[in-house]
Amino acid sequence: MIGFLDSRSADALTERLRGFRQGLKDTGHVEGENVSIEYRWAENQFDRLPALAAELVRRQVAVIATSGGTAAAFAAKAATTTIPIVFTSAEDPVGQGLVASLARPDGNLTGINFFNLELAAKQLELLRELVPAATRVAVLVNPANTMNTKSTLRDVEPAARAMRLQIQVLNASTSREIDAVFATFVRERPDALFVNGDSFLNVRRVQLALLAGRHGIPAIYSGREYAEAGGLMSYGSNIADAYRQMGVYVGRILKGAKPVDMPVIQASKFELVINAQTARMLGITVPPSLLARADEVIE
């Protein structure tokens with residue numbers, strides 16, 4: 001039996017879970033046939049994660065997979081020192097204290113690091129290239145995801161200074177707060193918007209893309225799912241593939257592998273996706289240099 005712990009809700013992870021199950025299948029495990037999965041969803045309430053992790057430990061699952069931010073991984077780590085844990089993380093797991101080493105993680109944890117929070121400076125550069133006249137950039141973060149927000153601002157603030165950009169940090173941890181943030185743009189309109197790579201904000205990607213379009217604000221996001229939902233531009237690793245790799249690691253553990261012998265996998269492919277239809281709607285001409293570097297242009 002596998003335990004699956006996530007800070008979000010099930011409907012937010014349809015595509016990613018497909019990748020996870022594919023990874024399991026690649027190692028000979030099929031949900032409902034020769035393996036079962038106990039799901040626990042925190043519904044964006046991070047304070048519920050420790051109790052949900054403890055439930056999975058009581059169920060005596062063979063391995064726990066965690067996603068939706070490092071908070072889920074830390075909750076599982078605090079709940080057990082013996083059950084193997086496979087995490088996905090957008091942050092440096094060594095710097096966060098999840099594992100001692102990428103090459104040889106100690107204890108009962110290993111996982112996939114897809115780097116999205118460490119790409120903030122690059123994302124700002126791309127946004128500046130798309131909107132060269134921009135001087136004021138709004139940075140949207142989820143304050144409920146404390147570690148994530150702290151890491152992002154630590155990288156964004158010096159990068160913005162180096163590019164002589166003024167940033168305004170805006171907070172939203174509910175759908176209503178996202179609406180309220182965009183309402184402030186009527187009075188104080190930024191030149192561009194940087195949306196942090198956060199699990200809750202990803203769930204609200206359709207709302208974010210629609211509001212950015214309605215207010216005519218060019219925005220950059222952390223993953224292709226945003227661009228597919230109508231967002232202007234995204235830069236980040238292939239998250240669906242990271243979930244597939246997590247499934248493979250969980251499957252290997254079910255076959256007897258130990259986390260200590262499984263190096264943390266680091267994402268090596270980063271995708272630049274541009275939604276040309278959204279660019280036209282916003283009246284933005286995408287520079288040929290950006291189009292040439294894009295992994296995908298959505299027409």
Side-chain angles (χ1 to χ4, degrees), residues 69-70 88-98 102 112-143 145-172 181 190-202 205 208-209 212 217-227 231-239 241-242 264-275 279 284 286-297:
T70 51
T88 57
S89 172
E91 302 159 71
D92 170 18
V94 176
Q96 291 291 313
L98 271 178
L102 296 176
I112 320 298
N113 176 21
F114 48 85
F115 283 117
N116 274 0
L117 287 189
E118 294 159 50
L119 302 175
K122 179 66 176 175
Q123 289 161 342
L124 267 185
E125 282 174 28
L126 291 166
L127 189 57
R128 185 65 176 277
E129 192 173 342
L130 183 66
V131 193
T135 58
R136 295 177 64 248
V137 177
V139 176
L140 182 62
V141 298
N142 172 14
N145 197 349
T146 315
M147 288 185 287
N148 174 302
T149 296
K150 205 176 287 184
S151 298
T152 297
L153 296 182
R154 188 183 59 222
D155 292 343
V156 164
E157 286 166 348
R161 276 196 302 273
M163 285 181 255
R164 296 182 179 172
L165 290 171
Q166 293 179 330
I167 64 167
Q168 180 186 10
V169 179
L170 300 166
N171 298 305
V181 161
D191 300 316
L193 172 66
F194 174 104
V195 176
N196 185 30
D198 165 74
S199 52
F200 164 71
L201 294 176
N202 179 270
R205 58 189 177 273
L208 287 164
I217 294 174
I220 189 163
Y221 309 89
S222 60
R224 67 178 301 121
E225 293 163 312
Y226 286 95
L232 176 59
M233 179 168 66
S234 68
Y235 181 72
S237 52
N238 186 323
I239 308 295
D241 190 60
V264 173
I265 296 173
Q266 295 182 281
S268 56
K269 177 171 170 49
F270 304 102
E271 302 175 306
L272 172 62
V273 182
I274 297 169
N275 191 314
I284 291 173
V286 181
S289 58
L290 266 183
L291 288 172
R293 300 203 310 275
D295 294 276
E296 186 178 345
V297 177

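Numbers for residues simply follow the sequence, beginning at 1.
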Taking all heavy atoms of [X] and all of [Y], pick out the closest pair and write down the distance.
| X | Y | value |
| --- | --- | --- |
| N148 | G197 | ND2-O, 3.0 Å |
| L119 | S237 | CD1-N, 4.5 Å |
| I274 | A294 | CD1-CB, 4.0 Å |
| A279 | V286 | CB-CG2, 3.8 Å |
| A242 | I112 | O-CG1, 3.7 Å |
| V181 | A172 | CG2-CB, 4.4 Å |

So does [Y] get a backbone contact from the side chain of [X], meaning a donor-acceptor N/O pair under 3.5 Å?
| X | Y | answer |
| --- | --- | --- |
| D295 | L272 | yes |
| Q123 | Y235 | yes |
| R136 | L165 | no |
| N113 | V264 | no |
| Y221 | M233 | no |
| N196 | D198 | no |
| D191 | T135 | yes |

Heavy atoms, side chains only, cut-off 4.5 Å: are [X] and [Y] in contact?
| X | Y | answer |
| --- | --- | --- |
| Y226 | L201 | yes |
| V195 | S222 | no |
| T70 | N145 | no |
| N275 | L232 | no |
| P287 | L130 | yes |

task: Check the pair I167, E157 against side chain to side chain contact (heavy atoms under 4.5 Å, CB included), reporting the backbone distance first and the verdict last.
output: CA-CA 8 Å; I167 64 167; E157 286 166 348; 3.6 Å; yes
- request: Using the side-chain contact (heavy atoms from CB on, under 4.5 Å) rule, pick out the option among L193, T149, V156 that qualifies with V139.
  value: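 The residue from L193, T149, V156 that satisfies side-chain contact (heavy atoms from CB on, under 4.5 Å) with V139 turns out to be V156.
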query: Among L140, V169, T152, which one satisfies side-chain contact (heavy atoms from CB on, under 4.5 Å) with F194?
result: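 Exactly one pass, corresponding to T152.
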Measuring from atom [atom1] of [X] to atom [atom2] of [Y], what distance do you get when rounded to the nearest 0.5 angstrom?
| X | Y | atom1 | atom2 | value |
| --- | --- | --- | --- | --- |
| L290 | I284 | CG | CD1 | 11.0 Å |
| R293 | L126 | CZ | CG | 6.0 Å |
| D92 | L102 | CG | CG | 6.5 Å |
| M163 | E125 | CE | CD | 5.0 Å |
| R128 | R164 | CZ | CZ | 9.5 Å |

- prompt: Residues in side-chain hydrogen bond (donor to acceptor under 3.5 Å, both in side chains) with T146, at least two apart?
  reply: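 Applying side-chain hydrogen bond (donor to acceptor under 3.5 Å, both in side chains) to T146 gives none.
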Worked check of side-chain hydrogen bond (donor to acceptor under 3.5 Å, both in side chains) between S289 and E129: CA-CA 9 Å; S289 58; E129 192 173 342; 2.9 Å; yes
